[in-house]
Amino acid sequence: MAQVARKLLVVGGSGFLGQSVCKAAVYKGWQTISLSRRGEPDQFARQGTPSWAKEVQWAKGDSTTPATYNELLTGVTDIVHTVGIILESDYKQVVNDPTVFGALCGASKVLGEIAGMTDRGNPLDPRKQTAHTYESINRDAAIQVAKQAAKQESVQSFSYISASDVFPLINPRYITSKREAERFLLGEPSFKAIILRPGFMYSDARPVSLPLATALQTANAVTRPIAKDIASLPFGKTFTTPPLHIDTVAMAVIQGIQNGEQHIYEVDGIKQLASQFE
């Protein structure tokens with residue numbers, strides 16, 4: 001069977017997971033476009049541009065504003081949507097800020113969000129309508145891109161990075177917004193929807209994620225013999241669901257596109273897909 005010439009658009013390609021998806025696609029020899037507000041990742045200016053990144057078109061645009069990326073959709077065969085937030089506060093300051101003070105400031109916002117102590121004012125105030133909410137980022141942005149993709153005859157698949165419901169103390173709207181996006185994508189007849197539901201993701205490039213990943217890996221190993229019993233308890237899935245390296249998730253999504261099946265992949269399915277990546 002002749003290989004399909006792939007042209008991939010990675011929404012959020014300059015981000016934590018998005019860069020790994022771009023790298024995996026380049027490895028496959030696919031034409032790869034990254035769409036993000038920043039364009040090229042900031043760290044390239046500080047650390048130099050990796051060889052694989054020179055094969056990517058780093059485009060600037062806003063996934064909520066079609067006029068900024070519609071031209072990029074021409075000839076695209078597959079789309080991967082990696083944009084999402086787990087908290088509505090600026091939690092990324094904690095994991096990305098290079099200074100201790102900046103990280104501590106961000107951490108205070110995150111803890112306030114988890115504890116429900118963040119004052120967001122009146123949600124009906126029109127000045128609040130542009131805030132980054134679970135619904136606007138996790139659901140509406142993906143749906144907006146999908147609607148534009150549906151107009152392109154060339155688009156064959158739309159992969160969406162969702163999440164496994166394993167995060168305790170996180171606002172339930174996080175998962176609800178993800179599931180609502182999933183339902184829309186699975187109901188769109190013009191392309192195949194590929195849904196990945198990873199749990200906690202980690203990377204050496206984000207050192208703050210490593211201690212928690214190690215703790216979860218240990219808990220997963222210890223509870224494996226009684227995983228089904230533990231998973232049925234409150235917060236049990238948190239300890240029985242293994243964390244995934246971002247490269248594992250990236251390889252899985254590329255392999256899922258190659259397999260060409262509409263499917264929802266839970267954590268075990270993601271690991272199995274990644275093992276098929278060559």
Side-chain angles (χ1 to χ4, degrees), residues 1-36 50-53 55-57 73 75-84 142 145-146 149 152 154-166 178-179 181-182 185-186 188-206 209 213 216-217 220 241-278:
M1 183 181 295
Q3 264 195 330
V4 176
R6 303 280 186 182
K7 183 177 181 180
L8 182 70
L9 175 67
V10 183
V11 183
S14 66
F16 177 55
L17 173 62
Q19 288 186 50
S20 284
V21 174
C22 289
K23 181 170 63 175
V26 167
Y27 176 84
K28 287 286 189 179
W30 297 1
Q31 184 178 350
T32 307
I33 306 169
S34 164
L35 171 70
S36 67
S51 57
W52 64 264
E55 304 300 320
V56 178
Q57 178 184 343
L73 290 172
V76 164
T77 58
D78 305 276
I79 296 173
V80 179
H81 194 280
T82 69
V83 177
V145 176
Q152 302 290 325
S154 60
V155 175
Q156 301 172 23
S157 74
F158 192 107
S159 298
Y160 177 67
I161 307 302
S162 187
S164 180
D165 190 4
V166 298
K178 292 278 192 179
R179 298 294 180 263
E182 288 180 14
L185 296 170
L186 291 166
E188 173 54 57
S190 63
F191 51 67
K192 292 181 179 178
I194 301 169
I195 311 297
L196 277 70
R197 293 177 175 174
F200 182 75
M201 292 187 287
Y202 66 97
S203 167
D204 293 343
R206 188 172 279 185
S209 69
L216 290 173
Q217 287 167 340
N220 183 250
T241 302
L244 296 174
H245 194 282
I246 55 172
D247 287 347
T248 299
V249 180
M251 289 187 292
V253 73
I254 296 301
Q255 189 62 43
I257 292 171
Q258 278 198 310
N259 291 356
E261 297 178 3
Q262 177 155 303
H263 196 76
I264 297 176
Y265 295 95
E266 301 287 354
V267 172
D268 287 344
I270 293 172
K271 292 170 67 177
Q272 185 176 1
L273 271 182
S275 69
Q276 300 169 13
F277 184 90
E278 295 179 350

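Worth knowing before you read on, the calculation uses all heavy atoms, side chains too, and leaves out hydrogens, waters and symmetry mates.
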Begin from the C-alpha positions of Q258 and K28 and carry the test side-chain contact (heavy atoms from CB on, under 4.5 Å) through to its verdict. CA-CA 10 Å; Q258 278 198 310; K28 287 286 189 179; 3.2 Å; yes
Can you find a heavy atom in the side chain of R179 that is under 4.5 Å from one in the side chain of S162? yes
Sequence neighbours excluded, which residues qualify as side chain to side chain donor-acceptor pair (under 3.5 Å) partners of Q31? none
Donor-acceptor contact below 3.5 Å, side chain S154 vs main chain Q152: no
Work out which heavy atom in V10 is nearest to a heavy atom in G18; give both atom names and the distance. CG1-O, 4.0 Å
If you draw a 6.0 Å radius around OH in Y27, do more than 12 non-hydrogen atoms from other residues or ligands fall strictly inside? no
Going by side chain to side chain donor-acceptor pair (under 3.5 Å), name the residues that satisfy it together with E55, two or more places apart in sequence or in a different chain. none
Between atom CG of D247 and atom CE of M201, what is the distance when rounded to the nearest 0.5 Å? 11.5 Å
Would a 4.5 Å heavy-atom cut-off, applied to side chains only, mark T82 and V253 as touching? no
Distance-only side-chain donor-acceptor flag, Q272 / D268, under 3.5 Å: no
Closest contact, heavy atoms only, A149 versus I79: CB-CD1, 3.4 Å
So which atom in A24 and which in F277 form the shortest heavy-atom distance, rounded to 0.1 Å? O-CZ, 3.9 Å
Just how far is it from atom CD of Q57 to atom CG of L35, taken to the nearest 0.5 Å? 10.0 Å
Decide yes or no on side-chain contact (heavy atoms from CB on, under 4.5 Å) for V267 and V166, but give the supporting numbers first. CA-CA 11 Å; V267 172; V166 298; over 6 Å; no
Taking the inter-plane angle between the rings of H245 and Y202 on a 0 to 90° scale, is it parallel (under 30°), tilted (30 to 60°) or perpendicular (over 60°)? perpendicular
Please set out all donor-acceptor pairs under 3.5 angstrom arising from side-chain atoms of residues 188-200, sequence neighbours excluded.
{"unit_1": "E188", "atom_1": "OE2", "unit_2": "S190", "atom_2": "N", "d": "3.1"}
{"unit_1": "E188", "atom_1": "OE2", "unit_2": "S190", "atom_2": "OG", "d": "2.7"}
{"unit_1": "K192", "atom_1": "NZ", "unit_2": "G260", "atom_2": "O", "d": "2.8"}
{"unit_1": "R197", "atom_1": "NE", "unit_2": "E182", "atom_2": "OE1", "d": "3.4"}
{"unit_1": "R197", "atom_1": "NE", "unit_2": "E182", "atom_2": "OE2", "d": "3.1"}
{"unit_1": "R197", "atom_1": "NH1", "unit_2": "E266", "atom_2": "OE2", "d": "2.8"}
{"unit_1": "R197", "atom_1": "NH2", "unit_2": "E182", "atom_2": "OE1", "d": "2.6"}

Looking only at heavy atoms, which two atoms of L273 and A252 are closest? And how far apart? CD1-O, 3.4 Å
With a 4.5 Å cut-off on side-chain heavy atoms, are H81 and L185 touching? no
Would you check if I257 and L8 make a side-chain contact, meaning some heavy-atom pair closer than 4.5 Å? yes
Between V145 and F158, does the side-chain contact (heavy atoms from CB on, under 4.5 Å) criterion hold? Intermediate values first, please. CA-CA 10 Å; V145 176; F158 192 107; 3.8 Å; yes
List the atom of P242, the atom of K271, and the distance in Å for their closest heavy-atom pair. CG-NZ, 4.1 Å
Determine, stepwise, if the pair K23 / V26 fulfils side-chain contact (heavy atoms from CB on, under 4.5 Å). CA-CA 5 Å; K23 181 170 63 175; V26 167; 5.8 Å; no
Nearest-0.5 Å distance, CZ of residue R6 to OG1 of residue T77: 5.5 Å
D78 side chain reached by Q156 side chain, heavy atoms, under 4.5 Å: yes
